[in-house]
Each structure stands twice: as C-alpha cells, then as structure tokens.
J.: 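Structure below; questions to follow.
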Amino acid sequence: MLQLQAIREQKEEIIIALKKRNIDAAPLLNSVISFDEKRREAQTKLDNTLAESNKLSKEIGQLFKSGKAQEATALKERTVVLKEEVKVLQEELNTAADELQSLLYQIPNVPHASVPAGSTEDDNEEIFKEGDIPKLIDNALPHWELAKKYDIIDFELGVKIAGAGFPVYKGKGARLQRALISYFLDKNTAAGYTEIQVPHLVNEVSGYGTGQLPDKEGQMYHITADDLYLIPTAEVPVTNIFRDTIVNEKDFPICYTGYTPCFRREAGSYGAHVRGLNRLHQFDKVEIVRVEHPNNSFAALDGMVEHIKTILRELKLPYRILRLCGGDLGFTAALTFDFEVFSTAQDRWLEISSVSNFETYQANRLKLRFKDENGKSQFAHTLNGSSLALPRVLAGILENYQTEDGIKIPEVLIPYCGFDTID
RNA sequence: GGAGAAAUGGCAGAGUGGUCGAAUGCGGCAGUCUUGAAAACUGUUGAGGGUCACACCUCCGGGGGUUCGAAUCCCUCUUUCUCCGCCA
C-alpha cells in the first residue's frame, strides 16, 4: 500500500511512474486525496467535539463530588447534544476512512526507476544468461513422457484423488523432490537464512498484509467454514510474522527461509502450456524472505539474485534472468527479477524463481516498522524470492539430464538422493 | 466438543465508574559517582492521528452497548490457562 504522505506530496510523479504499468492512476489518486481531506476534516471536527465533551464530563464529575447536583444536571443537557454530534461525525469519519482504505487497496506499487516499460511478458528485459543448452538424444521426451516412462510421477492418480494439477510423485521422483527441498534449504541456511516452518493456512488479515487480498482473491483456495486461505506461497505466512511489529534497526538484515507446499486455483489457465508440471494447483517451493533497512534493500535484492545464480550453477541448468516490465510486474512489487530455466525438450523457458523488492508497500499494510537512529519509527522494506519452485526445476532436470541410459542426477544432488540415475 | 478462569505498557503486575495513558518492580536509555566497570543515586522511557510547534483526539485482546463519563458494568468474538471428552 502506498503511503498517504507520498501520495499527497508526489502525486504527479506517482502517476507518471504508474504509467509503466499501463494504468492511468490520476482518477484514483485524486479520489484518495479528496477522501483524505474529507477524513481529516471529519477527524478535526470530531476531535473538537470530543474535547468539549470530555471537558464537560470532568466538570460534571467535580460538581457531583462537591454536591452540586443541580448544576451538574444542567451541564448534562449540553453533553447529550454533543453525544449526538459525535455519533454523526463518527459515522462521517468512518465512511471517509473506509472509502480511503478501499481506494488505497486498489493502487499497485510504484515501479522502480529501472523497470522497463512494456505490457506483456514479451517486453521483459533479459539481463543475464548462463549455462549451456545441452544437445539432447534423438528421441528426447518432454518431462511428462519421462515421468510416465520411468514411473516417477503419476498425473492420472492425482486426478483420481484430487483433480487435475495435483500430481502424485513416486519412488525416485518423490525422493528427488525431497532431495531438492533439502538441498535448497541447506544452501539458504549456509547463506545466512534461518530455516522456519509456518502454517499452510492463513487468515484474511494475513492475506491483506502481503497483498494477495483483495487483489488476488480468486487465486487462493478459501476454506469458508473457518474463513482461512491455503497459502499460494510461503511469502504470506513468513512475511506476516512481522505484522504489527517494530523491529530493532540492528536486527537487520532479517533473513528467513522456509519450505511449504503452495496452492493456487489458477482459474482460467488451460492449454498445452499447462501440461505436466508446468502449472499445478499444488506444488512445493522453498522461499527466502528478507526484512531490510530501506537504504540496503536494493543491495539485498542483488544479493538474493546472486544467491539463486549459485544454486542454478551448481545444478548445471541453463537459465536466464529477466527484469520484469511494468505490465508484467506483480501488484505489490517495485522491482522483480524472474529466473527461467530452459526446458530443452519443450524448447521453452520455464519460470522457476521470482525475486522482488516490495519496498514499503507490504510494510505499510503490515505495520512493519523499525526505529531509526533518531528514535523515529519508519517502515522497513520487505523482499522475497523463490529458491526455488520445485516442479519446473524438476522438469528442467528430467528433460535436460535425460540420456539413452536414463536420467542422470545433477552431481550436487546425488548425496541427497542416494542414487545417480533414474532408470 | 462441554464446564470454569483469564487477557493491562518491552516483561512482571496494581487498578471495579470520574482528576487513569494508567501505581509499583524489572528491563532500556541518559546523567552523577568511578581510571574503567559494577553497585548506588537522579532523571527519562508505548503507539497512532493532528499541529510550524503547542493544544487536542484515539488506543488497557477485537467489535458492539449502557452512562454526562468505562481499563473498570453488559453483550459478542478471538486467544490463553485448568478440568472433562476425543485424538496424530
């Protein structure tokens, strides 16, 4: 959520910056400013009325104490009138405040200066590429065929138990998946992230805190009986640890990593591109989350990008990094780098990580602050990234490592798997 | 799931209708003393809105109500604890 003060002071700059997202924010921002004025006006009137009422109440108390009941009763008449006024003003204030809040929820984060203009993923800017694309064997198969051939993932079984998009991993497939999770967590821990296990269901407030609500309401599974949401990413529970907190400046950087399953409804996604592991309703992901000092958050973002590079280098997967354009940038992010692995048998890039700096956007919703050197509290910056999303990494490994004699396991994973070939 | 008790500042813990944003202790910060530290002593120490700065307003788990006036009374929700039931 953008800060009101920023909207008041830099409205024009924000409008220009939001054009990168291909939206004209002027009407929204003008409404925000007008409702903010209404709110403050109502607040001032209410405060003055309350002040008078408080004062009179004290006097009445004094009068009763000194036995001047008659005078007290006379004063009461005035307070009864004030009480009515308070009611009206309170309502006025609430209306303006609610309207203001819902407007603020509708405004996405302001893109960072480095975010390129553009409307679709085709306009994302490739900033880095590394790793050789392997020459595959003649009859190379896409991962869903490999999964069947070696009996390591059963999509039909998942359909039977839950529905499409809920695969069942078997034998070495399950083992490889578990190996990846352990490997990622170990890498993150070695890089200074504290491992953490969090709930896989979150309440509505948490959804608002990180920005999934109200923007992505339809993308989350909603347990209506208990009004809980299945997490679409560990970002939600992990970042919400810091909701309503004031952290100590010297605690920075705060770094957490956690493995969770992720649940996404993916309403409206169909077609060839969602085959196999490409897009699922349930998948596993290891996430890294940071809370940073505003002065350091972009350096931290670069650090996260470097960290993920080292993982992909070790896995020897060909990948590229994209700087997302304004049109493809998530609602809450100021700057996002996507990592994509080349899926050789499908001849396409698969997104396996998304690393973002949210600046104060989430912190504002979360009320996540820190005390600066002057003792003033100000909003911290939050960041997160996938390290990594499992299914597409798995798809990349299966496809890129396939040989005539089976699928070779990347060297770093062999100690975690306990085998070196799927055959 | 049933019965009871509770929820107050960073922590502990007073406060049952008015002068309570809240005693006291601990912790934190600043100072005195000290070569330095400890101890002792003194002062200070929640958040948000609002203002040039004051004033002023809001917040004692959340929401609603009674009252001129609520941390204190009533309703409701949530959470925690104790007992019973169920259970990985």
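Only heavy atoms go into these numbers, but all of them, side chains included; no hydrogens, no water, no symmetry mates. Chain identifiers are assigned alphabetically (A, B, ...) following the order of the sequence lines, protein sequences preceding nucleic acid strands; residue numbering begins at 1 within each chain.
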J.: Rounding to an integer number of angstrom, what distance separates B:rA3 and B:rC56 when you compare their P atoms?
T.: 48 Å
J.: For the residue pair A:F331 and A:Y361, does the interplanar ring angle fall in the parallel (under 30°), tilted (30 to 60°) or perpendicular (over 60°) class?
T.: perpendicular
J.: When you compare B:rG10 with B:rA5, how far apart are their C1' atoms, in angstrom units rounded to a whole number?
T.: 26 Å
J.: Kindly point out which of B:rC57, B:rC68, B:rG49 is positioned nearest to the side chain of A:F64?
T.: B:rC68
J.: Taking side chain to side chain donor-acceptor pair (under 3.5 Å) as the test, write out the residues that go with A:K148, two or more places apart.
T.: none
J.: Could you state the atom-to-atom distance from NZ of A:K76 to C1' of B:rG18 in whole Å?
T.: 12 Å
J.: Once you round it to whole Å, what is the distance between P of B:rC68 and CD of A:E52?
T.: 16 Å
J.: Provide the distance between the two C1' atoms, one in B:rG13 and one in B:rC52, to the nearest whole Å.
T.: 41 Å
J.: What's the gap between B:rC73 and B:rA14 when it is taken at their P atoms, as a whole Å value?
T.: 15 Å
J.: Going by salt bridge (charged side-chain N to carboxylate O under 4.0 Å, His left out), name the pairs with one or both residues in residues 72-85 of chain A, residues two or more places apart or in two chains.
T.: A:E52-A:R78
J.: Applying the Watson-Crick and G-U wobble criteria at under 3.5 Å, what pairs with B:rG1? Answer none if nothing qualifies.
T.: B:rC84
J.: Parallel under 30°, tilted from 30 to 60°, perpendicular over 60°: which one fits the rings of A:F298 and A:H112?
T.: tilted
J.: Can you tell me the base-pairing partner of B:rC54? Count Watson-Crick or G-U wobble geometry only, both distances below 3.5 Å, and say none if there is no partner.
T.: none
J.: In whole Å, what separates the P atom of B:rA23 from that of B:rU45?
T.: 11 Å
J.: Between A:N94 and A:D47, which has a closest nucleotide on RNA chain B that is more 5'?
T.: A:D47
J.: If you measure from the P atom in B:rC54 to the same atom in B:rU32, how many Å do you get, rounded?
T.: 28 Å
J.: Is A:K285 close enough and on-axis enough to A:Y259, meaning under 6.0 Å and within 45°, for cation-pi?
T.: no
J.: Tell me every residue that passes side chain to side chain donor-acceptor pair (under 3.5 Å) with A:Q378, counting only those two or more places apart in sequence or in another chain.
T.: A:D372
J.: Atom CG of A:L50 to atom P of B:rC56: distance rounded to whole Å?
T.: 13 Å
J.: Is A:D420 salt-bridged to A:K408, going by a charged N under 4.0 Å from an acidic O?
T.: no
J.: Please identify each residue that fulfils side chain to side chain donor-acceptor pair (under 3.5 Å) with A:T239, with sequence neighbours left out.
T.: none
J.: Could you write out each protein N or O paired with an N or O of nucleotides 52-55 of chain B at a distance under 3.5 Å?
T.:
none

J.: Does a side-chain N-to-carboxylate-O contact under 4.0 Å join A:K19 and A:D24?
T.: no
J.: Applying side chain to side chain donor-acceptor pair (under 3.5 Å), can you list everything that pairs with A:T44, at least two apart in sequence or on another chain?
T.: none
J.: Where along residues 82-92 of chain A does a heavy atom come under 4.0 Å from RNA chain B, residue by residue in number order?
T.: A:K83
J.: Does A:T79 reach a base, just sugar-phosphate, or nothing at all? Heavy atoms under 4.0 Å.
T.: sugar-phosphate
J.: Should A:N54 be listed as having a side-chain N or O under 4.0 Å from OP1 or OP2 of B:rG18?
T.: no
J.: Might you list the N or O atoms of the protein lying below 3.5 Å from N or O atoms in nucleotides 45-48 of chain B, with each pair's distance?
T.:
residue : atom : partner : partner atom : Å
B:rA47  : OP1  : A:K371  : NZ           : 2.3
B:rA47  : O3'  : A:R369  : NH1          : 3.3
B:rG48  : OP1  : A:R369  : NH1          : 3.0
B:rG48  : OP1  : A:S377  : OG           : 2.8

J.: Between A:L46 (CG) and B:rC57 (P), how many Å, whole number?
T.: 11 Å
J.: Under 3.5 Å for both donor-acceptor distances, Watson-Crick or wobble: does B:rU78 have a partner, and if so which one?
T.: B:rA7
J.: Which pairs with one or both residues in residues 202-231 of chain A pass salt bridge (charged side-chain N to carboxylate O under 4.0 Å, His left out), sequence neighbours excluded?
T.: none
J.: As a test of reading the structure: which of B:rG49, B:rC68, B:rC57 is closest to the side chain of A:R39, going by heavy atoms?
T.: B:rG49
J.: Closer to the 5' end of RNA chain B via nearest nucleotide, is it A:S57 or A:S53?
T.: A:S57
J.: Name the nucleic acid region contacted by A:L56, choosing base, sugar-phosphate or nothing; use a 4.0 angstrom heavy-atom cut-off, strictly under.
T.: nothing
J.: Which residues satisfy the ring-ring contact (aromatic ring centres under 6.0 Å, His included) test with A:Y229, sequence neighbours excluded?
T.: A:H222
J.: Name all pairs fulfilling the salt bridge (charged side-chain N to carboxylate O under 4.0 Å, His left out) condition that reach into residues 88-108 of chain A, sequence neighbours left out, sorted by first residue then second.
T.: A:K45-A:E92
J.: Round to a whole Å and report the spacing from CD of A:E71 to P of B:rG18.
T.: 21 Å
J.: Below 3.5 Å is the cut-off: list the nitrogen or oxygen pairs between protein and nucleotides 70-80 of chain B, distance only.
T.:
none

J.: Tell me the partner of B:rU32, counting only Watson-Crick (N1-N3 plus N6-O4 or O6-N4) or G-U wobble (N1-O2 and O6-N3) with both under 3.5 Å; none if nothing fits.
T.: B:rA40
J.: Please work out whether the ring planes of A:Y193 and A:H307 are parallel, tilted or perpendicular, with thresholds of 30° and 60°.
T.: tilted
J.: Just checking A:F370 against A:H293, ring centres under 6.0 Å apart?
T.: yes
J.: A:L176 and side-chain contact (heavy atoms from CB on, under 4.5 Å): which partner among A:I181, A:I407, A:I152, A:I409?
T.: A:I409
J.: Tell me the partner of B:rG21, counting only Watson-Crick (N1-N3 plus N6-O4 or O6-N4) or G-U wobble (N1-O2 and O6-N3) with both under 3.5 Å; none if nothing fits.
T.: none
J.: Using the P atom on both, measure B:rC75 against B:rC81 and round to a whole Å.
T.: 24 Å
J.: Take atom C1' in B:rU67 and the same atom in B:rG18, then report the distance between them in whole Å.
T.: 12 Å
J.: Indicate yes or no: does A:K38 engage A:E41 in a salt bridge with an N to O separation below 4.0 Å.
T.: no
J.: Tell me which nucleotide, if any, is Watson-Crick or G-U wobble paired with B:rC73 when both distances must be under 3.5 Å.
T.: B:rG65
J.: Rounded to the nearest angstrom, tell me the gap between atom NZ in A:K58 and atom P in B:rU67.
T.: 22 Å
J.: Measure the distance from CG on A:L75 to C1' on B:rU67 and round it to the nearest whole Å.
T.: 16 Å
J.: Using a heavy-atom cut-off of 4.0 Å across all strands, would you classify A:R78 as base, sugar-phosphate, or nothing?
T.: nothing
J.: Without decimals, in angstroms, what is the distance between A:Q3 CD and B:rG49 P?
T.: 10 Å
